[in-house]
Amino acid sequence: MNKRLKGLLVAVLAAFALPAAAHHSFAIYDMTQNIEFDGVVETLKMRNPHMAMTLTVTNPDGMKKTINFVEGAPANMLVRMGLNPADVAVGKPIKAIGAPRKDDPNAYFLKAIILPDGRKIVSVGN
C-alpha cells in the first residue's frame, strides 16, 4: 500500500472515531450534581446505545412538570443490573437521579433509578 493511500485510510478512520469518542463523553453533563425527582414515567425508550425517558413530577404548588432524561445507560446494561423494563413502564412511579446538561438545564443524564420497593439501579456514579 502506498504512502498516500495509507494517509487517506488513516484520515477516514479518524473521522469516524472522533464523533464516536465524543458521543460517549459525559463532558456535556454536570456529573457532580445528583438531582432527585419523584414522579411517574411518561415516556420510555429502552434501547441501545442509551435509554431515554421522561418523568412527570408534581411541584409543591400542584403544577406538573416534565423532566427529560435524554440519555442514560444502555438498556441491556440496565437489564443485566436487575432492571425489568416493566418496573419503569409508562405510568409507574419512580425516583430518578439525574445530572443536568451544561448547555440545557432542562435535559438530564439518568444516573440512577430508585424503584418503589427500594431497589436502586445505578448507571453512573451514585
Side-chain angles (χ1 to χ4, degrees):
M1 185 179 295
N2 70 33
K3 224 176 187 181
R4 186 174 179 180
L5 188 55
K6 282 182 185 178
L8 180 60
L9 180 60
V10 168
V12 168
L13 291 174
F16 284 105
L18 289 175
H23 174 77
H24 290 95
S25 170
F26 294 123
I28 62 171
Y29 298 99
D30 182 353
M31 297 303 278
T32 64
Q33 293 194 49
N34 293 313
I35 302 174
E36 294 187 13
F37 300 98
D38 285 302
V40 175
V41 177
E42 183 178 318
T43 65
L44 176 68
K45 294 178 183 170
M46 286 293 285
R47 63 181 185 212
N48 294 313
H50 303 284
M51 66 88 63
M53 79 175 177
T54 57
L55 201 63
T56 300
V57 300
T58 304
N59 293 334
D61 64 4
M63 297 295 294
K64 294 193 181 297
K65 180 179 179 181
T66 299
I67 306 301
N68 190 7
F69 292 97
V70 295
E71 190 172 5
N76 62 344
M77 182 177 120
L78 293 168
V79 170
R80 283 194 313 267
M81 295 165 72
L83 181 66
N84 181 333
D87 293 332
V88 290
V90 172
K92 296 284 186 165
I94 65 166
K95 179 178 285 197
I97 301 172
R101 278 184 66 129
K102 293 176 182 175
D103 63 344
D104 181 359
N106 295 309
Y108 295 84
F109 181 89
L110 181 63
K111 295 174 80 174
I113 297 169
I114 303 171
L115 300 171
D117 66 7
R119 286 183 293 145
K120 185 175 185 179
I121 310 297
V122 178
S123 63
V124 174
N126 276 325

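Computed from heavy atoms alone, side chains included, the values below leave out hydrogens, waters and symmetry copies. The chain is numbered in sequence order, starting from 1. In this text, all values refer to a predicted model and were calculated from it rather than measured experimentally.
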> Can you tell which of Ile94, Ile97, Asp87, Val122 makes a side chain to side chain contact (heavy atoms under 4.5 Å, CB included) with Ile113?
Replying inline: Ile94

> Any sub-3.5 Å donor-acceptor pair from Asn76's side-chain atoms to Asn48's backbone N or O?
Replying inline: no

> Applying the 4.5 Å side-chain criterion to the ILVMFWY set and letting contacts propagate, would Met31 and Ile35 be lumped into a single cluster?
Replying inline: no

> What about Tyr108 and Val88, same hydrophobic cluster or not, with Ile/Leu/Val/Met/Phe/Trp/Tyr joined at side-chain heavy-atom distances under 4.5 Å?
Replying inline: yes

> Who are the side chain to side chain contact (heavy atoms under 4.5 Å, CB included) partners of Asn106, not counting sequence neighbours?
Replying inline: Asp104

> Closest heavy-atom contact between Pro93 and Pro116?
Replying inline: O-CG, 3.2 Å

> Would you say Asp30's side chain and Ala99's backbone share a donor-acceptor pair under 3.5 angstrom?
Replying inline: no

> Would you say Asp117's side chain and Arg119's backbone share a donor-acceptor pair under 3.5 angstrom?
Replying inline: yes

>> Taking NZ in Lys102 as the centre, count heavy atoms belonging to other residues, nucleotides or ligands within less than 6.0 Å. Is the count above 12?
In response: yes

>> If I take atom CG from residue Asp38 and atom CD1 from residue Ile114, how far apart are they, to the nearest 0.5 angstrom?
In response: 8.5 Å

>> Quick one: does any side-chain atom of Arg101 pair with a main-chain N or O of Val70 as donor and acceptor, under 3.5 Å?
In response: no

> If every non-hydrogen atom of Ala96 is compared with every non-hydrogen atom of Leu55, which pair is closest and at what distance?
Replying inline: CB-CD2, 3.9 Å

> Pick one: which of Val40, Thr43, Leu44 meets side chain to side chain contact (heavy atoms under 4.5 Å, CB included) with Thr54?
Replying inline: Thr43

>> Looking at every heavy atom in both Met46 and Ala75, which two are closest together, and how far apart are they?
In response: C-CB, 3.7 Å

>> Do Ile67 and Ile28 land in one hydrophobic cluster if side-chain heavy atoms of ILVMFWY residues count as linked below 4.5 Å?
In response: no

> When the ring planes of Phe26 and Phe109 are compared, do they come out parallel, tilted or perpendicular, using 30° and 60° as the limits?
Replying inline: perpendicular

> Which distance, rounded to the nearest 0.5 Å, do you find between the NZ of Lys65 and the OG1 of Thr56?
Replying inline: 12.0 Å

> How far apart are the closest heavy atoms of Leu78 and Ser123, and which atoms are they?
Replying inline: CD2-CB, 4.2 Å

>> If you apply the rule side-chain contact (heavy atoms from CB on, under 4.5 Å), what do you find for Met81 with Leu83, and how did you get there?
In response: CA-CA 6 Å; Met81 295 165 72; Leu83 181 66; 6.0 Å; no

> Got a second to check how far Phe37's CZ is from Thr66's OG1, nearest 0.5 Å?
Replying inline: 11.5 Å

> Can you check whether Gly72's main-chain N or O pairs, donor with acceptor, with His50's side chain at less than 3.5 Å?
Replying inline: yes

>> Could you tell me if the side chain of Lys120 sits less than 4.5 Å from the side chain of Lys95, heavy atoms only?
In response: no

> For the atom pair CD (Gln33) and NZ (Lys111), what is the distance rounded to the nearest 0.5 Å?
Replying inline: 8.5 Å

>> For residues Leu115 and Phe69: do they belong to one hydrophobic cluster (side chain heavy atoms under 4.5 Å, members Ile, Leu, Val, Met, Phe, Trp, Tyr)?
In response: yes

> Quick one: NZ on Lys92 to CE on Met53, what's the gap to the nearest 0.5 Å?
Replying inline: 14.0 Å

